[in-house]
Amino acid sequence: MSLLRQQGPAAVVPLGPPAANGGGARTAGPGAGRRTGGLSARIRHQGMGLLLVTPFLLLFLAFLVAPLGYAFWLSLRTSTLVGGDHFSWFANYKQTFTDPHFLSGVRRVIVFGVVQIPVMLGLALLGALIIDEVTSRLAKVFRMTLFMPYAVPAVIGALMWGFLYSPTFGPANSLSDALGLGKVDLLSHSLMLTSLGNIVTWQWTGYNMIVLYAALQGLPREVYEAAKLDGAGQLQTALRIKIPMISSAVVLTLMFTIIGTLQFFTEPRVLEPTASSVITPDYTPNLYAYNLAFQYSEFNYSAAISFSLGAVVFIGSYIFLFAARKRSGLK
């Protein structure tokens with residue numbers, strides 16, 4: 001009888017000597033390879049993402065973070081002919097908020113925004129509601145026509161309007177004289193803010209209109225049909241359904257407009273040579289900081305004014321968003 005027959009069917013054939021560590025050799029489970037491969041693939045994806053983001057990060061650090069850091073360092077120092085360059089901490093900021101030139105510019109910009117912002121956003125909202133209601137080719141032409149001024153650079157637009165406003169060879173003055181209204185100086189003290197508001201409204205109404213129109217396009221059309229079945233007219237639908245449902249977009253455009261208004265610079269700077277008696281070096285806070293830096297070489301105080309204006313813009317925007325977040329749906 002052979003050896004296998006003597007041991008029976010339950011015989012176990014030894015597989016070899018035990019491992020040196022005293023236990024059986026453990027082999028990796030079937031999921032170990034997948035886990036290792038998935039981990040390495042995820043690391044490769046993350047590395048590729050970091051590689052693609054690196055150029056942006058370098059440009060961001062070089063052209064935004066580094067200049068801001070250097071400007072903030074300048075704002076904490078004071079340079080005089082007698083005392084030289086020394087560290088003065090927040091003395092420049094204290095001087096900024098007691099400077100009548102800076103405060104008068106801030107007040108002027110606030111008065112400008114109180115009148116101009118509602119007019120511009122009201123026209124933008126009206127245009128968005130009109131082109132949302134009209135579905136013919138005329139709506140496309142109207143939308144493109146209102147958006148075209150935004151495509152014009154701000155400097156070129158200000159130069160163009162400066163030519164139109166010119167009291168000597170401008171067509172606006174000649175037209176008013178031909179109509180028997182007399183010569184009207186649109187660059188005078190009494191009309192300068194109105195003329196600047198016209199330029200800003202002309203350039204930015206189309207942009208805000210497109211933003212609000214895009215928000216209207218995202219609304220469900222079933223709501224309009226239900227309102228029509230309930231007997232609501234176009235005016236009631238616009239006031240009670242459309243505008244409340246896009247309140248977040250309205251608040252967003254309003255916030256961006258407030259920020260841009262407080263940083264008002266391009267249009268006064270372009271018209272400054274034409275109306276130097278009206279647009280003084282401290283006409284707006286940004287213009288005041290620019291003239292201090294590049295005409296009077298007061299870089300330290302100019303940097304402090306810029307950061308002070310940035311603080312005013314940040315605090316004002318935060319207060320506005322905090323007050324409007326419950327009504328608008330923004331979080």
Side-chain angles (χ1 to χ4, degrees), residues 45 49 52-53 56-57 60 64 112-154 157 197-264 266 313-331:
H45 284 301
L52 294 175
V53 173
F56 166 76
L57 291 178
F60 180 78
L64 184 64
F112 172 80
V114 166
V115 178
Q116 187 268 333
I117 291 176
V119 173
M120 181 181 65
L121 291 184
L123 292 175
L125 182 59
L126 179 62
L129 291 172
I130 291 175
I131 62 176
D132 182 66
E133 192 66 30
V134 179
T135 58
S136 62
R137 294 183 179 179
L138 184 62
K140 297 181 180 179
V141 176
F142 182 66
R143 181 170 64 245
M144 183 61 64
T145 303
L146 285 183
F147 186 74
M148 282 178 61
Y150 175 71
V152 178
N198 179 61
I199 299 175
V200 176
T201 302
W202 172 81
Q203 186 156 21
W204 289 94
T205 298
Y207 171 80
N208 291 304
M209 182 200 69
I210 293 298
V211 173
L212 297 176
Y213 174 69
L216 287 172
Q217 289 295 298
L219 298 181
R221 298 294 166 177
E222 294 81 3
V223 179
Y224 302 159
E225 297 176 0
K228 187 179 296 185
L229 291 176
D230 290 339
Q234 294 182 354
L235 181 60
Q236 291 178 331
T237 303
L239 295 178
R240 298 185 179 183
I241 297 178
K242 292 184 177 181
I243 295 178
M245 293 185 71
I246 63 167
S247 58
S248 59
V250 174
V251 171
L252 192 64
T253 55
L254 182 58
M255 185 190 66
F256 288 156
T257 306
I258 291 174
I259 293 174
T261 302
L262 290 175
Q263 297 176 348
F264 198 29
T266 304
V313 172
F314 177 78
I315 294 173
S317 302
Y318 181 80
I319 292 175
F320 172 76
L321 283 179
F322 182 79
R325 63 179 181 177
K326 292 183 178 180
R327 293 175 176 265
S328 62
L330 292 174
K331 296 182 179 179

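Since the model is a prediction, treat every value here as computed from it, not as a measurement.
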With the side chain counted from C-beta on, respond yes when [X] and [Y] share a heavy-atom pair under 4.5 Å apart, and no when they do not.
X      : Y      : value
Val223 : Leu219 : no
Thr205 : Leu146 : no
Met255 : Leu252 : yes

If the condition is side chain to side chain contact (heavy atoms under 4.5 Å, CB included), which residues does Val152 pass it with, not counting sequence neighbours?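 Partners of Val152 under the side chain to side chain contact (heavy atoms under 4.5 Å, CB included) test: Ile156, Trp202.
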
For Leu64, which residues count as a side chain to side chain contact (heavy atoms under 4.5 Å, CB included) partner, sequence neighbours excluded?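 For Leu64, the residues satisfying side chain to side chain contact (heavy atoms under 4.5 Å, CB included) (neighbours in sequence not counted) are Phe60, Leu68.
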
If a pair satisfies salt bridge (charged side-chain N to carboxylate O under 4.0 Å, His left out) and one of its residues is in residues 253-264, list it, with sequence neighbours excluded.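 Listed by first then second residue: nothing to list.
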
Sequence neighbours excluded - salt bridge (charged side-chain N to carboxylate O under 4.0 Å, His left out) pairs with any residue from residues 226-239: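 Of all non-adjacent pairs touching residues 226-239, none passes salt bridge (charged side-chain N to carboxylate O under 4.0 Å, His left out).
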
How far apart are the closest heavy atoms of Thr145 and Val141, and which atoms are they?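 Nearest pair, atom of Thr145 first, then Val141: OG1-O, 2.7 Å.
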
Shortest non-hydrogen contact between Val115 and Val119, atoms and distance: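 Where Val115 meets Val119 most closely, the heavy atoms are O-CG2, 3.3 Å.
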
Calculate, to the nearest 0.5 Å, the distance between atoms CD1 and CD1 belonging to Ile258 and Ile117 respectively.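 Ile258 atom CD1 to Ile117 atom CD1 measures 5.0 Å (nearest 0.5 Å).
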
Got a second to check how far Met120's CE is from Asn198's CG, nearest 0.5 Å?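 Between Met120 CE and Asn198 CG, I get 12.5 Å after rounding to 0.5 Å.
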
Can you give the donor-acceptor pairs under 3.5 Å from side chains of residues 208-216 to other protein atoms, not counting sequence neighbours?
from	atom 1	to	atom 2	distance (Å)
Asn208	ND2	Trp204	O	2.9
Tyr213	OH	Gln217	NE2	3.4

Phe320 and Leu254: side-chain contact (heavy atoms from CB on, under 4.5 Å), yes or no, with the steps? CA-CA 9 Å; Phe320 172 76; Leu254 182 58; 3.1 Å; yes

Give a yes or no on whether Gln236 atom CD has more than 12 heavy-atom contacts from other residues, nucleotides or ligands under 6.0 Å away.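 Enclosed.
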
For Phe147, all residues meeting ring-ring contact (aromatic ring centres under 6.0 Å, His included), sequence neighbours excluded: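 For Phe147, the residues satisfying ring-ring contact (aromatic ring centres under 6.0 Å, His included) (neighbours in sequence not counted) are Tyr150.
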
Can you list every ring pair (Phe, Tyr, Trp, His ring centres under 6.0 Å) pair that touches residues 229-264, not counting sequence neighbours?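 Pairs touching residues 229-264 that pass the test: Phe112-Phe264.
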
Side-chain donor-acceptor pairs of residues 237-246 under 3.5 Å, sequence neighbours excluded:
from	atom 1	to	atom 2	distance (Å)
Thr237	OG1	Gly233	O	2.7
Lys242	NZ	Asp132	OD2	3.0
Lys242	NZ	Glu133	OE1	3.0

Side chain to side chain donor-acceptor pair (under 3.5 Å) with Thr201: which residues, sequence neighbours excluded?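 Side chain to side chain donor-acceptor pair (under 3.5 Å) check on Thr201 returns Gln116.
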
